Amino acid sequence: MSERIEELEQRTRFEPTEVEPRIVEQWLQSGLFHPEPDGEASENYSIAIPPPNVTGSLHMGHALNGSIQDALIRYHRMNSPPPRRTKWILGTDHAGIATQAQVEKALRTEGTSRQEIGREAFVERVWEWREHYGHTIVEQFKRLGASCDYSEERFTLDDSYARAVVEVFVRLHEKGWIYRDRYIVNWDPGSRSAISDLEVEERRETDTLYSIRYDVEGGGSVTIATVRPETMLGDTAVAVHPQDERYRDLVGRTAILPLVGRHLPIIADEYVKMDFGTGQLKITPAHDPNDFEIGARHDLDQVSVIGEDGRMTAEAGERFAGLTVMEAREAVVAALEEEGRVVAREEYEHEVPYSHRSGQRIEPLISLQWFMSMDELAPPAIEAVRDGRVKIVPDNHRRVYLDWMENIRPWCISRQLWWGHRLPVYYCDTCGHVNVARTPPEGCAECGGHVSQEEDVLDTWFSSALWPFATLGWPDDTPELKAFYPTNVLSTARDILFLWVARMIMMGLELTGEVPFSDVYIHSVIQAPDGRRMSKSLGTGIDPLDEIAKHGADAVRFGLLAMSSSQDVRYSAEKVQQGQALANKLFNAARFALTRIHASLGERAESIEPAAMPRTVEDRWILSRLSQILADTGARIESYDFSHAALGLYDFVYGELCDWYIELVKHRLPDLSGGLEGAEEEERVALAATLLYVLRETVAMAHPVIPFVTEELWRYLDGGDELLAGAPYPRAQEDLIDLEGEVVLERTIEAVTVIRGWRDSVGARAGLFISARLNADCYAATSGLLARMARLDLSDDGQADGAVVASIPVPCGTVEILSGEGLDLGAAERRRTAAREKLQAEIERVQAKLEKPGFVERAPATVVEGERERLRQLGAELEAL
RNA sequence: GGACGCGUAGCUCAGUGGGAGAGCGCUCGCUUCACACGCGAGAGGUCGGUGGUUCGAGUCCACCCGCGCCCACCA
């Protein structure tokens with residue numbers, strides 16, 4: 001036996017920690033993950049990874065999406081013709097707010113702050129941070145076995161990427177779609193920046209709803225309700241509904257704002273609900289998005305009483321200026337109480353906006369920001385999804401996408417941060433002209449005066465929106481772009497469908513004229529085992545790297561794919577264990593086959609080529625099953641049905657290959673002992689070739705799901721130097737499908753199961769005191785397999801000795817169990833009775849069905865005949881007992 | 001207020017209008033010469049509820065109950 005096989009024989013289990021680092025190294029050395037940029041995108045396959053935050057580390061979502069994308073990439077790489085140009089575009093996102101927050105936190109522990117060290121030093125610090133922590137997650141992707149193109153790692157702040165960002169900004173500004181405006185925005189006091197609508201999260205909270213009486217000039221009063229009394233300081237009107245009979249007389253008159261004394265026009269606007277509260281509404285254009293709109297319609301003043309620091313401004317008046325919003329609320333209520341203006345207060349449950357980034361409560365306020373209009377960008381992106389150029393899987397998300405896109409609003413793209421792409425906007429210090437330019441201008445285009453660049457940076461999602469093409473060298477017409485753009489699929493979780501996916505589609509169409517990907521696959525969100533959100537702060541997080549260390553990357557990948565579905569799922573440790581078991585099982589099956597073949601054929605074993613050479617019914621069966629699972633697995637991966645792809649592999653390896661096929665053929669490969677006859681040797685060689693063939697195809701088939709164990713086994717099964725990652729994906733062989741062979745084997749399996757059950761129930765020891773007799777058909781059909789599998793002294797009709805203890809009907813005929821010494825016949829009788837009762841009940845059920853009025857007339861003939869046949873069979877079985 | 005989705009074995013979940021499934025857990029038995037990350041056997045389900053369509057419903061329809069999630073400008 002060769003050294004290689006001897007060494008393999010010693011390894012009784014698959015040890016991921018030993019194997020994985022070695023295999024990763026081989027893959028990286030091979031260059032297989034880096035395709036040369038040749039050909040057209042239509043003939044190549046590519047995926048752009050959703051770029052993880054540069055300072056992030058691998059969490060369960062990355063691990064799942066990594067497993068999904070890698071399964072797709074590996075499958076398509078194996079399926080593409082050499083040189084297998086399949087590219088998984090890799091890179092990280094600078095993640096403005098998140099990264100800045102981390103570095104700020106670090107600065108705080110050093111007792112300083114970004115304000116203290118200044119912008120330049122701060123940005124310097126962030127780059128250092130990035131150098132230090134920015135590659136962690138990429139290394140972690142390697143541990144998962146992700147076959148990204150590591151040789152070309154992108155970063156959304158790289159110079160070339162920044163060029164793309166500036167180009168886009170300038171182009172869209174020239175078109176008039178990017179503009180500057182004073183508008184009410186979601187102000188996040190936590191990050192001291194505006195954030196987009198999508199970064200706001202509504203939380204249900206209970207507050208006090210105050211009813212406050214404002215006097216009306218010339219007599220009378222209005223009563224308004226608010227949960228935010230502090231904002232009354234910024235009221236500039238009171239509104240009622242134009243059709244509201246009760247208040248018709250009030251419209252046009254003037255209310256007096258308590259505490260402040262400001263004169264508030266009483267206006268009519270259809271926004272006001274007549275049936276809610278008093279039907280009288282205070283209008284605060286500077287601190288409420290609705291009021292802002294109403295204010296615009298009626299040309300009302302905007303009085304900003306809350307500042308960007310979350311404190312009351314001077315405009316709030318001396319008594320309140322400088323107070324926090326909450327302090328101001330108390331103070332305002334107290335002051336109003338004093339004047340006797342609070343007429344009611346009640347508990348009130350409502351939605352309160354919070355920043356998704358900082359967790360702080362959003363302060364809507366008016367601010368000068370940059371916006372991107374969606375009016376021209378959205379329609380083509382809607383059309384692309386409507387007409388199927390972009391397919392969203394599963395398709396129930398299609399509607400969600402379309403609904404959102406059809407009601408899309410301008411996007412606030414400026415952020416008051418330091419970490420990110422600074423807007424390519426240069427304000428003239430002299431004339432105030434706004435210069436927008438690809439390169440910093442020498443001076444103002446209007447007056448030649450000195451210019452200063454905009455302080456704000458762009459929303460991170462602005463640069464992310466360009467990801468599929470900016471990573472490939474756009475705006476230049478590079479070979480990479482030609483070879484890999486558009487990409488094939490974008491795989492992500494639901495939560496960034498609008499934030500990112502929709503924007504990529506819009507930007508892709510506008511800037512490249514093509515959809516950035518043809519499929520969007522929306523995968524599950526993995527929750528903690530108890531159903532809560534998986535999060536570090538809740539303590540519900542499970543670290544995928546811990547799981548990889550414990551169970552191996554194959555196990556984690558298998559588990560994640562197996563548990564994923566079209567909806568959110570709870571993390572299942574069992575599925576990971578199942579994956580670990582599968583990797584080990586496959587390893588041992590291959591190990592056994594290889595060592596047994598060598599033991600059985602000696603030198604000859606070295607020269608056996610894997611090939612389908614069926615000699616027996618079980619050979620025909622496994623080849624047939626193999627061909628079908630090959631077709632199924634490919635189809636499942638292509639249709640993003642990863643769960644069934646993974647579980648189907650498990651079922652095949654366990655339920656068919658190992659439990660039955662290998663068990664069935666063991667005896668045909670006895671240890672090399674005594675002389676080998678020529679014919680006998682040829683039979684063994686044929687079996688060895690078939691067994692190796694089945695294993696090789698199985699291993700290759702499973703590679704996209706469990707790449708490590710399969711790559712490890714490949715060198716034993718293929719014989720060449722080629723890595724499995726670069727080998728062709730096995731194809732289903734139509735001519736090996738053999739339904740007749742399958743039927744015979746399934747019958748055999750049923751018979752064996754029955755006999756084993758008997759032996760188990762009577763407590764007989766293996767092979768002792770029990771034998772069985774088959775009728776002739778049954779015996780012939782199974783070619784004696786039954787005997788070996790059931791470890792019985794088995795004979796065909798009338799040949800075995802002993803009294804008949806039981807006749808067991810199996811699909812191919814009847815098995816008679818013959819007694820021997822030591823049988824517990826009482827147990828046998830009990831079992832027989834139970835079986836009889838079960839059969840009787842089943843017969844009655846089927847009879848009732850057949851006798852039911854209308855069944856015979858209306859049900860399809862095949863169904864009726866099937867039921868009758870079943871009844872006959874059940875009757876025969878009962879008879880036999 | 002709208003949209004989408006989910007209630008199937010103790011747990012996590014598959015399930016195509018015609019005989020209720022898997023993994024794990026549980027019980028019993030196996031140191032059977034690949035694998036105890038293993039092998040064999042078994043227990044355990046009024047398929048959330050009520051109606052309807054159908055010869056036939058876990059599957060289709062309606063309503064109800066419970067749960068999740070997304071969108072949304074009612075103070």
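None of these values were measured; they are calculated from a predicted model. Just so we're on the same page: letters track the sequence lines, and every chain starts at 1.
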According to a strict under-4.0 Å criterion, is A/K666 in side-chain N/O contact with OP1 or OP2 of B/A34? yes
Residue set satisfying ring-ring contact (aromatic ring centres under 6.0 Å, His included) with A/Y354, at least two apart, ordered chain then number -> none
Set out, line by line, the N/O atom pairs under 3.5 Å between protein and nucleotides 73-75 of chain B.
from  : atom 1 : to     : atom 2 : distance (Å)
B/C73 : O4'    : A/N290 : OD1    : 3.4
B/C73 : O2'    : A/Y271 : OH     : 3.4
B/C73 : O2'    : A/N290 : ND2    : 2.5
B/C73 : N1     : A/N290 : OD1    : 3.0
B/C73 : O2     : A/N290 : OD1    : 3.0
B/A75 : OP2    : A/Y348 : OH     : 2.7
B/A75 : O2'    : A/A225 : O      : 2.4
B/A75 : N6     : A/K273 : O      : 2.9
B/A75 : N6     : A/F276 : O      : 2.7
B/A75 : N1     : A/K273 : N      : 3.3

Below 3.5 Å is the cut-off: list the nitrogen or oxygen pairs between protein and nucleotides 43-48 of chain B, distance only.
none

Considering non-hydrogen atoms only, spot the tightest contact between A/K550 and A/Q580 and give its length. O-NE2, 4.2 Å
By ring-ring contact (aromatic ring centres under 6.0 Å, His included), which residues pair with A/Y401, not counting sequence neighbours? none
Using a 4.0 Å heavy-atom cut-off across all strands, classify A/H644 as base, sugar-phosphate, or nothing. sugar-phosphate
Detail all sub-3.5 Å separations between protein N/O atoms and N/O atoms belonging to nucleotides 65-68 of chain B.
none

Specify whether A/Y348 and A/H350 have parallel, tilted or perpendicular ring planes, treating 30° as the upper limit for parallel and 60° as the lower limit for perpendicular. tilted
Considering just the side-chain nitrogens and oxygens of A/S565, establish if one lies under 4.0 Å of OP1 or OP2 belonging to B/A14. yes
Among pairs that include at least one residue of residues 493-502 of chain A, which meet side-chain hydrogen bond (donor to acceptor under 3.5 Å, both in side chains), considering only residues two or more places apart or in two chains? A/R494-A/D568
Taking all non-hydrogen atoms of both residues into account, name the closest pair between A/C658 and A/K585 and its distance. CB-CE, 3.6 Å
State whether A/R399 and A/E406 are salt-bridged, where the test is any N-O pair (Lys NZ or Arg NE/NH1/NH2 against Asp/Glu carboxylate O) under 4.0 Å. no
Paired with B/G40: which nucleotide, if any, by Watson-Crick or G-U wobble criteria at under 3.5 Å for both distances? B/C28
With sequence neighbours excluded, what pairs up with A/Y571 under the side-chain hydrogen bond (donor to acceptor under 3.5 Å, both in side chains) test? A/E547
Pairing residues for A/D244 by the side-chain hydrogen bond (donor to acceptor under 3.5 Å, both in side chains) criterion, not counting sequence neighbours: A/R246
Report the base-pairing partner of B/G51 (Watson-Crick or G-U wobble, both distances below 3.5 angstrom), or none. B/C61
A/F14-A/F708 aromatic ring centre distance below 6.0 Å: no
Any strand is fair game: report the nucleotide pairing with B/C70 by Watson-Crick or G-U wobble, both distances under 3.5 Å, or none. B/G2
Which part of the nucleic acid does A/P860 contact within heavy-atom distance under 4.0 Å: base, sugar-phosphate only, or nothing? base
If we count only N and O atoms by modelled type, under 3.5 Å, do the side chains of A/H356 and A/E201 hold a donor and an acceptor together? yes
Would you check, one step at a time, whether the test side chain to side chain donor-acceptor pair (under 3.5 Å) holds for A/Y214 with A/D235? CA-CA 11 Å; A/Y214 293 5; A/D235 284 3; 2.7 Å; yes
Does the B/A34 base have a donor-acceptor partner in the side chain of A/E663 within less than 3.5 Å? yes
Within less than 4.0 Å of OP1 or OP2 of B/G38, is there a side-chain N or O belonging to A/Y654? yes
Expected output is a numbered-order residue list: members of residues 579-588 of chain A with a heavy atom under 4.0 Å from any atom of RNA chain B. What is it? A/Q580, A/A581, A/N584, A/K585, A/N588
Looking only at side-chain N and O atoms, does A/R13 come under 4.0 Å of OP1 or OP2 in B/C35? no
For B/U12, the nucleotide meeting Watson-Crick or G-U wobble distances (both under 3.5 Å) is B/A22
Please identify each residue that fulfils ring-ring contact (aromatic ring centres under 6.0 Å, His included) with A/F652, with sequence neighbours left out. none
What one-letter contact string describes nucleotides 1-6 of chain B from 5' to 3', where B marks a base within less than 4.0 Å of any protein heavy atom, S marks contact via sugar-phosphate atoms alone, and - marks no contact? --SSSS
Taking the P atom in each of B/U50 and B/C65, what is the distance between them to the nearest angstrom? 15 Å
Going by ring-ring contact (aromatic ring centres under 6.0 Å, His included), name the residues that satisfy it together with A/Y210, two or more places apart in sequence or in a different chain. none
Looking at A/F558, is A/K575 sitting on its ring face, NZ or CZ under 6.0 Å from the six-membered ring centre and within 45 degrees of the normal? no
